Amino acid sequence: MTYEQLEVNTEIKLKEKTEDEKARRAVKYTVVAKYPHMCIVEDRKGRRRGVAVGELIVNKVVTQNTYLEALRGERRTCNKKKGWHRKGTKQEAEYAP
């Protein structure tokens with residue numbers, strides 16, 4: 001689902017850090033309002049917070065459009081095959097006499 005397809009009153013799960021910062025927990029939210037670059041979500045206790053589209057993408061609630069997803073997949077496969085950080089590709093430096 002893309003951000004444009006995300007409807008108001010949709011329930012989503014977002015991961016949040018706990019107090020010890022190593023553990024994360026999933027919290028259920030309901031989308032209350034939707035804006036071009038962010039949305040307002042509310043938990044079951046009534047607390048509201050703003051969530052950017054980037055946070056929704058990172059938490060895999062929404063995906064980008066198909067063109068950007070294709071670019072992302074192409075970039076991942078390209079880096080695996082021929083990366084500048086591969087072992088054994090280092091060349092000796094040529095120094096002037």
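Numbers here simply count residues along the sequence, with the first being 1. Model, not experiment: these values are computed from the prediction.
Nearest heavy-atom pair across Val61 and Lys13 is CG2-O, 3.6 Å. Considering every non-hydrogen atom in both Pro36 and Tyr3, the closest pair reads O-CE2, 3.7 Å. What you find for Val31 and Leu6 is that their closest heavy atoms are CG2-CD2, 4.2 Å.
Hydrophobic clustering (side-chain heavy atoms under 4.5 Å, transitive across Ile, Leu, Val, Met, Phe, Trp, Tyr) keeps Val8 apart from Val41. Hydrophobic clustering places Ile12 together with Met1 (ILVMFWY residues linked when any side-chain heavy atoms are closer than 4.5 Å, directly or through intermediates). If you chain together hydrophobic residues whose side chains sit under 4.5 Å apart, Val62 and Leu68 never meet in one group.
Here CZ of Arg49 is found 9.5 Å from CE of Met38. Values are rounded to the nearest 0.5 Å. To the nearest 0.5 Å, atoms OG1 (Thr2) and CD1 (Ile57) are separated by 10.0 Å. To the nearest 0.5 Å, atom CG of residue Leu56 and atom CD of residue Gln64 are 11.5 Å apart.
The side chain to side chain donor-acceptor pair (under 3.5 Å) pairs that include a residue from residues 23-34 are Glu16-Tyr29, where partners are two or more places apart or lie in different chains.
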